Student: 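Have a look at this one before I ask anything.
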There are 2 protein chains.
Amino acid sequence: MNGKKSSKRAPTISDVAREAGVSRAQAARALGGYGAVSEAVMARVEAASAILNYRPNQLARSMNTGRSQTLGLVVGDIENPYFSLALRGISDFARGEGYDVITINTDEKVETERDAVRVLMDKRVDGLIVVPCDSRQTDHLRQVLEEGQVVTLFDREVEGLGIDAITASFVSATREAIGKLLALGHRRIAYLTTMPDYSSYRQGALLSVSPVAQRIKGLEQAYAEAGLLYDSDLVKFNAMGPQKVSAIIKELLNMHEPATAIVASDNLIAMAVLKECRRCHLRIPRDLSLLMYDDFPWTELVDPPLTVVAQPVYEMGQEVARRTIAGIRGQKLGPVPQFEANLIERESFGRPRRCKD
Amino acid sequence: MNGKKSSKRAPTISDVAREAGVSRAQAARALGGYGAVSEAVMARVEAASAILNYRPNQLARSMNTGRSQTLGLVVGDIENPYFSLALRGISDFARGEGYDVITINTDEKVETERDAVRVLMDKRVDGLIVVPCDSRQTDHLRQVLEEGQVVTLFDREVEGLGIDAITASFVSATREAIGKLLALGHRRIAYLTTMPDYSSYRQGALLSVSPVAQRIKGLEQAYAEAGLLYDSDLVKFNAMGPQKVSAIIKELLNMHEPATAIVASDNLIAMAVLKECRRCHLRIPRDLSLLMYDDFPWTELVDPPLTVVAQPVYEMGQEVARRTIAGIRGQKLGPVPQFEANLIERESFGRPRRCKD
DNA sequence: ACCACGATTGAGACCGGTCTCACAACCAAA
DNA sequence: TTTGGTTGTGAGACCGGTCTCAATCGTGGT
């Protein structure tokens, strides 16, 4: 139905020039607002442009300016409300500066991330915003940086790349949250993350800058402050999907000393935990306390309303966009602002149950 | 930090040709896999390309093929999980066919939609997927259609444009849901939508194809089947944001014959209703029954789990992408498949309370 | 009247690819 | 040996803009 015959080919600057009776160069100058143009020519060209309903071809413009006015966003999963809110922040800011955004999902697979970066480079985006899915495999990032591309990281840092990363700082909010759990009497607090287990997180250095590492650090600090030592067996990686989470919960509850509280590293895990609890008739916070990262509208609507550590996702989105665009323009913006996560207390914390059952 | 000096300019096909000792045309043929190329040249060019780490400039390619391998998505608010799930469906399918997606938010403002369409046209996207925010102001769509652009609508139809629209069919699921409410004894069932009130929805024709119209139709059918007449004063437009929703709920409960059930046209409204109920200590379903459109993971986690009318959003997203790309390629795909919405019964329906208080 | 200088203007190169066309080389058929 | 048809190849036009450069024009200074 649609493109019956591409009816009228879109008018080009040559058409406008002919209509106005001037040279291509002159028409371009009039429309582009650069160089010197007389009143008369300006008027004629504007009229011609209006008559033909001329719109400049951005592709052609990009060709020789080298700027495409487009940002590339490489993200794990845009369906995840965390990222879609970030995208909203990014595109709102970008739009205000005349940039558009191409989004590509990686599903947290490095191979896909590599492809995505390449595709976006090929499309000559002016800047790249990347949520790197593996802090160790970053050759592709290093390579595009060498080519002079502007890259900004979001949500996760990578050491040694020497580029900005917009992240929230989780240590203090986490320490505060875990402190409350400890005060309530919890000792066995499990941490669930979708992150794959890199042989062991205890190698520390590798993960030292990721949000997960920060959160675990905050957790350990809280234990230390209480004069306790955290049992790192309670950190569970690879909690992707409801089945995995379900299995992990079973494991945690069947330990010699069962977990009495769960920290969910993101909203998907938290939902899986909630679902599993409902299935097994476990009541929160009576049977299990729950802390989740990120605050979404529904978290205060569930039963019980969830205590969460929130980060200003939308604002962080705006900030990556701001810094990326500044980078493109060659501006310096000073140090990355600290986005501090904060604890929002609702009703998913309670005293631990004494014994099993 | 980033673009210190754009270190090495990206190699072009000329560089490859020189390195391989052949003409530009020949190098292009070898790389592009068209025309006739001898074994020897092929090998030399491939080697040169690998050495230089050559990547073709998609912009330049787009220039004269006229195809940018990019889709434009114009959507109300990507933060809305309904749309972000749809986007996921769209980009997954698009990616599989070698297309990328530029997303622009309209905030449901026609003016912004107009701009968005223009910007995307200027960037020469190959096809446009639009969630039109006003079924009456569609000149900009009509115009790009005349220019031969491929456009597919999503979520909402517009009459007289003669293009595909991917929507779910809501009549029967809604009739079923409302039938259950009527059977439980409800008579005063309110419908809340963010849609602005076009003087009055009773003009019918204007809204005849929108999802909202379909839902109201299903609602009225259910009443008719029960031998009742629906009081159209119970349809409340313009329910944008928690405050509006809050005001509307107050109004509904203070009517001479108060509403005993609420139908929320989208998840944002439903959340606002839930929040308001919590604030006013109204219990669902004891004091008020609630039906919401769209099914999201959290709907079965809230208190109580929500009865919803679900639509296969992800699949619908895939389908728009499929049809848009088919349109670009000039293929015909036959009639648009019917996506039937279906009722998922959970626990937010109950008997209406007898009197006030 | 003559020259310098700035404002206007058009010709044409260029961005990095694709693609048409003419021509050379090669082989089999006549 | 001449003819015809197939590769293989390079030259160069083209996509639709931007931008450099030199030429032209008008004008004030001397």
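Source: prediction; values computed, not measured.
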Student: Less than 4.5 Å apart, side chain to side chain, heavy atoms only: is that true for Q58(A) and V119(B)?
Tutor: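 SC-SC contact between Q58(A) and V119(B) ruled out.
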Student: To the nearest angstrom, how far is Q26(A) atom CD from dT24(D) atom P?
Tutor: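 My rounded result for the distance is 16 Å.
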Student: Taking atom P of dA7(C) as reference, at what distance in whole Å does atom OH of Y34(A) sit?
Tutor: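 Between P of dA7(C) and OH of Y34(A): 17 Å.
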Student: Could you state the CG-C1' distance from L31(B) to dC19(C), rounded to the nearest angstrom?
Tutor: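 Whole-Å distance recorded here is 15 Å.
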Student: With the side chain counted from C-beta on, respond yes when L73(A) and F83(A) share a heavy-atom pair under 4.5 Å apart, and no when they do not.
Tutor: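 In short, these two side chains do not touch, never coming nearer than 4.5 Å.
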Student: Side chains of R118(B) and H140(B), heavy atoms from C-beta outward: is any pair under 4.5 Å?
Tutor: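 Not in contact.
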Student: Indicate whether OP1 or OP2 belonging to dG10(C) is found under 4.0 Å from a side-chain N or O atom of S23(A).
Tutor: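 Result: yes.
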Student: Hey, is the side chain of R24(B) pairing donor to acceptor with the base of dG17(C) inside 3.5 Å?
Tutor: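 For R24(B), whose side chain was compared with the base of dG17(C), there is a donor-acceptor pair (under 3.5 Å).
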Student: Quickly work out the R124(B) CZ to dG16(D) P distance and round it to whole Å.
Tutor: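 Between P of dG16(D) and CZ of R124(B): 8 Å.
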Student: Could you tell me if the side chain of V336(A) sits less than 4.5 Å from the side chain of I166(A), heavy atoms only?
Tutor: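 Yes; the side chains approach each other to less than 4.5 Å.
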Student: Would you tell me if any nitrogen or oxygen in the side chain of S14(A) comes within less than 4.0 Å of OP1 or OP2 on dG16(D)?
Tutor: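 Answer no for this pair, as no side-chain N or O of S14(A) is under 4.0 Å from OP1 or OP2.
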Student: Quick one: D15(B) CG to dG16(C) P, roughly how many Å, whole number?
Tutor: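 From D15(B) CG to dG16(C) P: 9 Å.
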Student: Quick check: closest heavy atoms across G35(B) and R29(B), and the distance to 0.1 Å?
Tutor: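 Scanning both residues completely, I find the closest heavy atoms to be CA-CD, 4.0 Å.
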Student: Is a salt bridge present between E113(A) and R156(A), judged by a nitrogen-to-oxygen distance below 4.0 Å?
Tutor: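 Judged by the 4.0 Å cut-off on N to carboxylate O distance, E113(A) and R156(A) do not form a salt bridge.
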Student: Is there any side chain to side chain donor-acceptor pair (under 3.5 Å) pair reaching into residues 32-42 of chain B, and which pairs are they, with sequence neighbours excluded?
Tutor: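 Matches after skipping sequence neighbours: none remain.
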Student: Which angle, to the nearest 10 degrees, lies between the helix axes at the two ends of the helix from dA1(C)-dT30(D) to dA30(C)-dT1(D), each defined by five pairs?
Tutor: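 Angle reported: 60°, given to the nearest ten degrees.
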Student: Side-chain contact test, heavy atoms from C-beta onward, threshold under 4.5 Å: evaluate it for N105(B) versus V75(B) and give yes or no.
Tutor: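 A side-chain contact exists here, since the closest heavy-atom pair is under 4.5 Å.
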Student: Take the protein atom CD1 of I13(B) and the nucleotide atom C1' of dG12(D), then report the distance between them rounded to whole Å.
Tutor: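 From I13(B) CD1 to dG12(D) C1': 15 Å.
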Student: Between the base of dG10(C) and the side chain of R29(A), is there any donor-acceptor pair under 3.5 Å?
Tutor: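 Under the 3.5 Å cut-off, the side chain and the base do form a donor-acceptor pair.
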Student: Hey, can you pull the residues of residues 45-68 of chain A with a non-hydrogen atom under 4.0 angstrom from DNA chain C?
Tutor: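 Only M63(A), N64(A) qualify.
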Student: If you find the nucleotide of DNA chain D closest to G32(A) and the one closest to G35(B), which residue's nucleotide is nearer the 5' end?
Tutor: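 By nearest-heavy-atom nucleotide position, the 5'-most residue is G35(B).
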